[in-house]
Amino acid sequence: LNHTTGSHHTPPDSHSTTMKQRTRRVTTKRDLSLRAFVLIALTWCVLLLVDSSLADWSCTCTAASVNGTYCQAWKCDTDDAACFPADAEVRLISGQVVTMDELAVGDQLLGQDGQPDEVVAFLHRDPTLKSAFVRIVTTLGDLRLTPKHLLFEMKRNDVMLAGEVLPGDRLQHRSGGVATVLEVEKYLSQRGGVYAPATVSGQLYVNDLLASCYALYEYQSAAHLAMLPLRLLPALDQQFVGVHPYARLIDYIWSALPSLHL
């Protein structure tokens, strides 16, 4: 009789192999979908950069001083501008307070619960633009921002446009306290500069009061989801002056699809 010696060969687990292959296929499909989405977003950004029909907002002087050295009245095409003034203050994770015009992409802000919150882009940044703002005076300080920027209102437990805030509304202070609105006034800034930083969380404390990074439409969750490419690929922000091309794209799509406005 012939006896065969040696180690026994264990047949491969066909079920395990099949599952691994399926997992790889699913992962590959996800990667391809993400790459396709990024490619489309980049393509739109390039198109928007050369689209002259989407010009930036601007201001013109309507009444100069007697000697012509400064402007006494401005007319601004800023109905849709949504930003903070240059001297609005934010706090870095180190505790240092900086103004909006000193803030940069990559800076780590002191976010909720003391956690770092990175600035990934500026949705609007124009050091020279003069804009109309609302000044919201509260029991715990004041906040200045454009009327169509979003704020978190505690009674609603939702966001609302800054221009619709009324005395008695309540904002969230960094300390955890309630900042009750005492007065709301509109004014035209004589100092140039509008800034709208976007953070990983989609919100930030400005002058220690909680505000959204977004504007125009009262849908915080939808806006945050729409800005996902900027959080995944911060390199999309290339120190643009004016409205960020990707932000223009989102606004263009939203405006073009009125049937989706719920």
Quick one: does [X]'s side chain have a donor or acceptor within less than 3.5 Å of a partner on [Y]'s backbone?
X: Q203; Y: A211; answer: no
X: T139; Y: T180; answer: yes
X: H124; Y: F84; answer: no
X: Q220; Y: G202; answer: yes
X: D117; Y: T199; answer: no

Which residues share a side chain to side chain donor-acceptor pair (under 3.5 Å) with [X], sequence neighbours left out:
X: R144; answer: D87, Y187
X: E102; answer: T99
X: H173; answer: S175

Name all residues meeting the side chain to side chain contact (heavy atoms under 4.5 Å, CB included) criterion together with V165; count only those two or more places apart in sequence or in a different chain, and write none if there are none. I136, L151, M160, D169, V181, V184

Just jot down the side chain to side chain contact (heavy atoms under 4.5 Å, CB included) partners of T128, sequence neighbours excluded, or say none. D126

Please find the pair of heavy atoms, one from [X] and one from [Y], that lie closest to each other, and give the distance.
X: L150; Y: A215; answer: CG-CA, 3.9 Å
X: G192; Y: A86; answer: O-CB, 3.9 Å
X: G141; Y: L209; answer: O-CD1, 4.3 Å
X: S131; Y: T146; answer: OG-CG2, 3.5 Å
X: A132; Y: P147; answer: O-CD, 3.7 Å
X: P127; Y: V241; answer: CD-CG1, 4.3 Å

Are [X] and [Y] close enough that some pair of their side-chain heavy atoms sits under 4.5 Å apart?
X: E218; Y: E164; result: yes
X: Q172; Y: Q112; result: yes
X: L143; Y: T138; result: no

From [X] atom [atom1] to [Y] atom [atom2], the distance as rounded to the nearest 0.5 Å:
X: L216; Y: L161; atom1: CG; atom2: CG; result: 8.0 Å
X: M227; Y: L232; atom1: CE; atom2: CG; result: 13.0 Å
X: R125; Y: M100; atom1: CZ; atom2: CE; result: 12.0 Å
X: D101; Y: R191; atom1: CG; atom2: CZ; result: 5.0 Å
X: L110; Y: D208; atom1: CG; atom2: CG; result: 9.0 Å
X: Q115; Y: Q108; atom1: CD; atom2: CD; result: 11.0 Å

Would you please classify the geometry between the F122 ring and the Y195 ring as parallel, tilted or perpendicular, with 30° and 60° separating the classes? perpendicular

Side-chain heavy atoms nearer than 4.5 Å, only ILVMFWY residues, links allowed to pass through others: does that put [X] and [Y] together?
X: L210; Y: I93; result: no
X: L140; Y: V134; result: no
X: Y205; Y: V137; result: no

Check against side chain to side chain contact (heavy atoms under 4.5 Å, CB included), V119 and L204: CA-CA 10 Å; V119 176; L204 71 167; over 6 Å; no

Remaining members of the apolar cluster that contains V178, side-chain heavy atoms under 4.5 Å: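 Under the 4.5 Å side-chain rule, V178 groups with M154.
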
